[in-house]
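Notes follow once the structure below has been shown.
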Amino acid sequence: MCNRASVKVTGHEIAKVMNAPFPDADKFTPVFDANGFDRPHMPVLAKGEIRLMDWGLMPNWPSKTLSEQLQLSKFTLNARNDTIFEKASFKNSIWNENPDQVKRCVIPLTGFYEPHTYEGKKYPFYIYPKNEPFFYVAGIYSFWKDPIGGDWHVTFSMITTEPNRILKKIHNVATTSDDQRMIVILEKRNIELWMDPLLPKEGVKQLMQPCPEEIMGAHSVSRNLYSPKVDSNTPEIIDYFPYEDLKFDDELYYGFNLK
DNA sequence: CCAGACGTTGTT
DNA sequence: GTCTGG
DNA sequence: CCAGACGTTGTT
DNA sequence: GTCTGG
């Protein structure tokens, strides 16, 4: 699962790199530790424009209360690529006969966090792009209008797929199922194709693949990431923090960005 | 057919 | 709204 | 969707 | 084989 990420640059830098307008750029504050369970506002590219959306998709069903939607959204931080076309909450966003209804998006991340488990203990790792400013994460989004008050909620999910070698090694224990997941990271040249509403279902499926490990670096970081007593939204939180316990393995100890 | 779910895999 | 479990 | 039913109303 | 109850 991917439930923590960093977007540690300004809205204006995102707009520049992604070459797309971001009207609300000033409303975005760079973040080093965005926790999905806190429903952060994140910059998301959709329909040629970057806008702020809330992490955790709320399906566009009528006659639901905000509290029901908030409950559901705790489980929609991610959407599995193998069932996304069938699930009631996701199917209308990922693909639709009517191209106007298609809601695929791209979330630019400067990095994300996953825990490594060793002898029952958790060791947080930070994973970041080696040669690009961002990971371009494949996502879907949704509009929902609160029947009470009429507020519009624009929300999104990050799609997950099978892990590559690095993520398999870091994110080694899944809680209740035995399969491991990794977010779908698109090649920059596939961003437009991913969001093309006329892309057939098969084309959509083909883009939801694990990315090559060569594009990523990764290293362990401080457990302050998980501490409720420490403000983890600081530039230092992404810094390399070695754990003697992991010395038995060079990659886990020194990081995956050695050579 | 209808009631009930609708979703994923975390950490302190 | 639409699927699923019984 | 699948397991389980699937049928009617007496006579000596 | 096909309907129905759950």
Side-chain angles (χ1 to χ4, degrees), chain A residues 1-6 32-40 54-98 100-103 107 111-127 137-147 153 155-163 167-168 170-184 208 220-234 237-238 241 243:
Chain A
M1 182 190 202
C2 177
N3 58 46
R4 301 185 96 108
S6 77
F32 293 88
D33 174 25
N35 183 343
F37 292 108
D38 297 337
R39 302 196 55 72
D54 301 340
W55 193 357
L57 185 144
M58 296 172 175
N60 66 333
W61 302 324
S63 311
K64 293 286 158 187
T65 64
L66 180 58
S67 120
E68 282 175 307
Q69 291 281 40
L70 286 171
Q71 224 172 336
L72 180 60
S73 73
K74 295 215 182 307
F75 302 100
T76 55
L77 301 179
N78 298 134
R80 296 179 61 100
N81 71 321
D82 51 353
T83 50
I84 194 166
F85 291 98
E86 294 142 35
K87 298 290 179 184
S89 302
F90 302 142
K91 57 183 299 183
N92 292 325
S93 292
I94 189 69
W95 192 84
N96 207 295
E97 304 239 356
N98 179 353
D100 294 341
Q101 298 295 307
V102 171
K103 294 184 195 67
I107 306 103
F112 61 96
Y113 302 89
E114 295 290 2
H116 178 75
T117 304
Y118 175 64
E119 291 186 339
K121 289 191 197 159
K122 301 282 182 191
Y123 301 83
F125 275 70
Y126 182 63
I127 301 111
V137 180
I140 50 175
Y141 65 102
S142 170
F143 297 102
W144 177 72
K145 188 184 183 179
D146 188 344
H153 294 256
T155 56
F156 70 93
S157 294
M158 297 186 197
I159 298 170
T160 64
T161 185
E162 303 85 60
L167 265 292
K168 212 174 278 177
I170 293 176
H171 198 195
N172 56 337
V173 176
T175 46
T176 55
S177 62
D178 51 5
D179 69 339
Q180 307 163 232
R181 310 297 298 171
M182 174 180 81
I183 47 175
V184 173
M208 298 191 292
S220 50
V221 298
S222 164
R223 284 212 182 84
N224 283 342
L225 185 71
Y226 299 141
S227 170
K229 295 172 197 151
V230 179
D231 177 14
S232 53
N233 186 23
T234 64
I237 199 68
I238 68 170
F241 185 100
Y243 291 96

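In the text below, chain A, chain B and the rest are named by the order of the sequence lines, each starting its count at 1.
- Contact annotation for A:Thr160: backbone-only contact, meaning every heavy-atom pair under 4.0 Å involves sugar-phosphate atoms and none involves a base.
- Going from the C1' atom of E:dT2 to that of D:dG10 covers 30 Å, rounded to whole Å.
- Rounded to whole angstrom, the span from the CG atom of A:Leu77 across to the P atom of B:dT8 amounts to 11 Å.
- Between A:Phe90 atom CZ and B:dA5 atom C1' there is a gap of 14 Å when expressed in whole angstrom units.
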Checking A:Arg39 against A:Ser73 for the side-chain hydrogen bond (donor to acceptor under 3.5 Å, both in side chains) test, could you report, in this order, the C-alpha distance in whole Å, the side-chain angles of both residues, the deciding distance, and whether it holds? CA-CA 9 Å; A:Arg39 302 196 55 72; A:Ser73 73; 2.7 Å; yes
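- As rounded to the nearest Å, E:dG1 and D:dT9 have P atoms that lie 28 Å from one another.
- Across every non-hydrogen atom of A:Arg223 and A:Tyr243, the tightest pair is N-OH, 3.1 Å.
- Along DNA chain B, the nucleotide closest to A:Thr76 and the one closest to A:Asn35 are compared, and the more 5′ of them pairs with A:Thr76.
- Spacing between atom CD of A:Glu68 and atom C1' of B:dG4 amounts to 11 Å, rounded to whole angstrom units.
- Whole-Å rounding puts the A:Lys121 NZ to B:dT12 C1' distance at 15 Å.
- Atom NZ in A:Lys229 sits about 8 Å away from atom C1' in B:dT12, given to the nearest Å.
- Comparing B:dT11, B:dT8, B:dC6 against the side chain of A:Leu72 picks out B:dC6 as the nearest.
- Figure legend. C:dT4 is base-paired to B:dA3; pairs are counted as Watson-Crick or G-U wobble with both atom distances under 3.5 Å.
- To the nearest 0.5 angstrom, A:Lys91 atom NZ is 11.5 Å from A:Phe85 atom CZ.
- For B:dC2 and E:dG6, the C1' atoms lie 9 Å apart once the distance is rounded to whole Å.
- As the counterpart of B:dT8, no nucleotide is assigned, since no Watson-Crick or G-U wobble pattern has both distances under 3.5 Å.
- Between A:Leu225 and A:Arg4 there is a side-chain heavy-atom pair separated by less than 4.5 Å.
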Under-3.5 Å N/O pairs linking protein and nucleotides 2-6 of chain C:
residue : atom : partner : partner atom : Å
C:dC3   : OP1  : A:Lys91 : NZ           : 2.7

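- Comparing atom distances between the A:Pro228 side chain and each of B:dC6, B:dT12, B:dT9 picks out B:dT12 as nearest.
- Spacing of P atoms, D:dA3 relative to C:dG5, comes out at 13 Å, to the nearest Å.
- Atom P of nucleotide B:dC6 and atom CG of A:Asn60 are separated by 18 Å, given to the nearest angstrom.
- Nucleotide B:dT11 holds its C1' atom 14 Å from the OH atom of A:Tyr113, rounded to whole Å.
- Remark: A:Lys103 NZ to A:Tyr141 OH distance equals 6.5 Å, nearest 0.5 Å.
- In this structure, A:Ile94 and A:Ile159 have side chains that are in contact, with non-hydrogen atoms separated by less than 4.5 Å.
- If you check every strand for non-hydrogen atoms under 4.0 Å, A:Pro115 touches sugar and phosphate atoms only.
- Ring planes of A:Phe125 and A:His116: perpendicular class, angle over 60° (limits at 30 and 60°).
- No side-chain donor from either of A:Glu86 and A:Thr83 sits under 3.5 Å from a side-chain acceptor of the other.
- Between A:Ile170 atom CD1 and B:dT11 atom P the separation is 13 Å, expressed in whole Å.
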